[in-house]
Every structure is written in structure tokens, then in C-alpha cells.
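Contents: one structure, followed by commentary.
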Amino acid sequence: MTPPARPKKSFGQHFLHERRYIERIVSSISPRADDFVVEIGPGEGALTLPLLAAAGKLTAIELDTDLIPGLQERAAAVGELAIIHADVLKVDFTALAHRHGVPRLRIAGNLPYYISSPILFHCVEHAAAIQDMHFMLQKEVVDRMAAEPGSKVYGRLSVMLQLACRVEPLFNVPPGAFRPPPKVDSAVVRLIPLTPVQRHDADPERLYAVVRAAFAQRRKTLGNALRQLLDADAIRRADVDPKARAETLSPADFVRLAKVDTSI
């Protein structure tokens, strides 16, 4: 039997071990036999094994080579586990779905705190190939993801995720549920990609540029923050006040700013 792995700081590893939280996460995901489930960062398999037992098969993406033999050993008697040894940011989820002949993936994972935002944005890029996502993250990140305009934590992450997904915070997880305990609280969140009808029709690169510039210096008015992209008249044509600040705008306001005609 492979001994328990020692968490590596370089990978931001905190292994979930408390059974009641594992059960709550699996219950929230509620995997079925016909689901194609992908787990990001399975670690020692705390979520992997119950997900595998429910779905019968599972694909896990793991960067740490040392963890793979133990995962394979523990999963052998449970179900069919396929392990992709890779950096998740280099995994093409759309191609993965096509390769296995499934319309959409179900993604889950206990995400390393230091790289959670890049992983979220990477998943959003493949939202058309994803049915839903269930992630455990630093609670502060989940608060930002679900924040409404006017909130102190409302920002670029809030806007970009809410324009791509329905964000549903589910429950908090205390530090003691992990080995080693992190210094912050965690939370589980469900992301459901919007349908093509629900999604915006702005150019993605233009939208990203507008949102990034607007929040780059939060104290600046939009007229100043967006000076390199839009003048005051263009901002007004988007039905937005150039004297407003980014944190007061709804996600839909940013879509209008990204779509405004600058040739007038």
C-alpha cells in the first residue's frame, strides 16, 4: 500500500480529509453513471474515490507525479480512473470532450489557492464544452466571484465570471478539514455556464480589455480609467456615466462599453 503523500508547498497542496465535507461536496455534484467527470488536482483521492464510485469512471488531471501511483492503486477496485499528467492550464477541455464523444464535461476540484484565478479563466474559455463546475477555493475568492456591484470585493473576477456563468456559493469549509490546515477559510462554489442565448455577444478580447482597464485603478473614474480605449462621449453612448467608477457598474454595463462604436 502506497503511504500517504506529504503535501508540497510548491504545488499549494492542502489535502481534504474530513469525511462530512467530502460527502457534502460529492452530494452537491451528484454524479451519475453517464456523466463524464473531470477532477482537477485529485491529490490523495479524497474526492476522487467517492466520485469514481458514483460515476463508475473519472478523468483526473494531476501535475504531481508522486501522487499518481497511489491514486491508481486506490482507484483500482473502485472504478475506471484515467489520469492526465499535465498542468491543467495546458489541458484543452473542448478537445477532451470531443475526443471522448461527449457533449459537455462536469468539472470538479480542490483548486490550489495560488493559481485558482487562472484556472477559473481557463475553464471559462471552454465553457461551451462544460456542463457545470464545482470547486473548492479560498473563501475570499468565492466572495469575489459572487460579489454584486457596489461591494468592496466586486471586481474583474466578478464581472468576467458572471458574464460566463451562474455563480452559486454553496458552503464554507474550515481550515481543520485539510492536511495541513491552510491559514484561511475555504468555500465550495458551483458554476453553471450560461447558454448561448444567455451569453453576451461582445468581442471577448475587447471586453477583457475594457474590464481590465476599468478596474486597474479603482479610484479613477471611468473617463480616466478607459481613456486609452474610450472617450467620454463613447462611454455616454453606452449609457454609462464617465464620472462613475468601475465597481458601480453591472456586468451588462461592461458589455455595452465593449460594444460601443468608437468610429463615431
Side-chain angles (χ1 to χ4, degrees), residues 89 93-94 104 107 111 113-135 137-170 187 189-264:
L89 297 179
F93 288 116
T94 304
R104 291 184 297 170
I107 301 181
L111 302 188
Y113 296 159
Y114 76 99
I115 199 174
S116 59
S117 290
I119 293 175
L120 290 169
F121 283 124
H122 179 64
C123 289
V124 164
E125 290 177 7
H126 297 275
I130 297 172
Q131 177 180 324
D132 58 20
M133 296 167 266
H134 290 78
F135 292 136
L137 301 150
Q138 186 175 342
K139 182 180 181 298
E140 180 267 336
V141 174
V142 173
D143 290 343
R144 285 165 50 205
M145 291 164 64
E148 297 182 353
S151 165
K152 291 182 179 179
V153 296
Y154 180 75
R156 182 170 66 97
L157 184 66
S158 320
V159 173
M160 298 306 296
L161 283 181
Q162 291 173 30
L163 285 172
C165 304
R166 189 164 80 240
V167 181
E168 301 177 0
L170 298 180
V189 64
R190 176 186 291 129
L191 299 173
I192 302 177
L194 302 179
T195 66
V197 174
Q198 294 171 322
R199 293 203 62 174
H200 66 83
D201 58 352
D203 176 74
E205 291 186 7
R206 177 68 174 177
L207 176 64
Y208 181 81
V210 168
V211 174
R212 181 178 57 187
F215 284 102
Q217 293 179 288
R218 297 176 69 99
R219 290 181 176 274
K220 285 190 173 183
T221 64
L222 290 169
N224 287 324
L226 299 179
R227 185 178 300 170
Q228 301 300 317
L229 299 171
L230 298 167
D231 62 25
D233 287 338
I235 295 172
R236 292 189 189 95
R237 289 199 298 277
D239 199 23
V240 174
D241 183 356
K243 295 181 180 179
R245 288 181 170 80
E247 64 266 23
T248 66
L249 270 60
S250 71
D253 291 330
F254 285 102
V255 172
R256 292 200 307 276
L257 286 169
K259 291 173 62 177
V260 70
D261 187 351
T262 57
S263 64
I264 298 175

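Just so you know, these numbers use all the heavy atoms, side chains as well, and skip hydrogens, waters and symmetry mates.
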Would you sort out whether Val260 and Val240 count as a side-chain contact (heavy atoms from CB on, under 4.5 Å), showing the intermediate values?
CA-CA 11 Å; Val260 70; Val240 174; over 6 Å; no

May I have the step-by-step check of side-chain contact (heavy atoms from CB on, under 4.5 Å) for Arg156 and Phe121, ending in yes or no?
CA-CA 11 Å; Arg156 182 170 66 97; Phe121 283 124; 3.9 Å; yes

Please test Val189 against Met145 for side-chain contact (heavy atoms from CB on, under 4.5 Å), starting from the C-alpha separation and ending with a verdict.
CA-CA 9 Å; Val189 64; Met145 291 164 64; 3.8 Å; yes

Under the criterion salt bridge (Lys or Arg N to Asp or Glu O under 4.0 Å), I'd like the reasoning laid out for Asp143 against Lys139: C-alpha separation, chi angles, the key distance, then a yes or no.
CA-CA 6 Å; Asp143 290 343; Lys139 182 180 181 298; 3.0 Å; yes

May I have the step-by-step check of side-chain contact (heavy atoms from CB on, under 4.5 Å) for Val141 and Leu111, ending in yes or no?
CA-CA 11 Å; Val141 174; Leu111 302 188; over 6 Å; no

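For Arg190, the salt bridge (Lys or Arg N to Asp or Glu O under 4.0 Å) partners are Glu168, not counting sequence neighbours. Annotation: side chain to side chain donor-acceptor pair (under 3.5 Å) contacts of Gln198 (sequence neighbours excluded): Thr195. Partners of Arg104 by salt bridge (Lys or Arg N to Asp or Glu O under 4.0 Å), not counting sequence neighbours: none found. Remark: Thr94 engages His126 in a side chain to side chain donor-acceptor pair (under 3.5 Å) (not counting sequence neighbours).
Atom CZ of residue Arg236 and atom CG of residue Asp231 lie 8.5 Å apart, to the nearest 0.5 angstrom. To the nearest 0.5 Å, atom CZ of residue Arg199 and atom CG of residue Leu163 are 8.5 Å apart. How far CG of Leu249 is from CG of Asp241: 9.0 Å, rounded to the nearest 0.5 Å. Atom CD1 of Ile235 and atom CZ of Arg256 lie 12.5 Å apart (nearest 0.5 Å). Taken from NZ in Lys243 to OG1 in Thr248, the straight-line distance is 14.0 Å, to the nearest 0.5 Å. Note that CG of Leu229 is 8.5 Å distant from CZ of Arg212, once rounded to the nearest 0.5 Å.
When all heavy atoms of Val159 and Pro251 are compared, the closest pair comes out as CG1-CA, 4.2 Å. Ile192 and Gln131 make their closest contact through CG2-O, 4.1 Å (heavy atoms, listed as atom of the first residue, atom of the second, distance). Taking both residues in full, the closest heavy atoms of Ala258 and Ala202 are given as CB-CB, 4.0 Å, listed atom of the first, atom of the second, then distance. The two residues Ala213 and Ala225 come nearest to each other via the heavy atoms O-CB, 3.7 Å. Across Gln162 and Leu194, no two heavy atoms sit closer than the pair O-CD1, 4.0 Å. Closest non-hydrogen pair, Ser151 versus Arg218, comes out as O-NH2, 4.1 Å.
A heavy-atom distance below 4.5 Å is found between the side chains of Leu191 and Leu120. A heavy-atom distance below 4.5 Å is found between the side chains of Arg144 and Ser117. Residues Lys220 and Leu226 are not in side-chain contact: their nearest non-hydrogen atoms beyond the backbone lie 4.5 Å or more apart. Residues Phe135 and Ser116 form no side-chain contact, since every pair of their non-hydrogen atoms from C-beta on lies 4.5 Å or further apart. With contacts defined as side-chain heavy-atom distances shorter than 4.5 Å, the pair Met160/Val124 does not qualify.
Among Asp201, Leu207, Val210, Asp203, the one residue that satisfies the side-chain contact (heavy atoms from CB on, under 4.5 Å) test with Lys259 is Asp201.
Sequence neighbours left out, not one pair with a member in residues 217-249 passes ring-ring contact (aromatic ring centres under 6.0 Å, His included). A ring-ring contact (aromatic ring centres under 6.0 Å, His included) check over residues 220-243, counting only residues at least two apart or in different chains, returns nothing.
A donor-acceptor pair under 3.5 Å is formed between the side chain of Arg237 and the backbone N or O of Asp261. Between the side chain of Tyr154 and the backbone N or O of Ala246 there is no donor-acceptor pair closer than 3.5 Å.
Classified by interplanar angle (parallel below 30°, tilted 30° to 60°, perpendicular above 60°), the ring pair His122/Phe93 is tilted.
Within a 6.0 Å radius of CD in Glu148, no more than 12 heavy atoms belonging to other residues, nucleotides or ligands are found.
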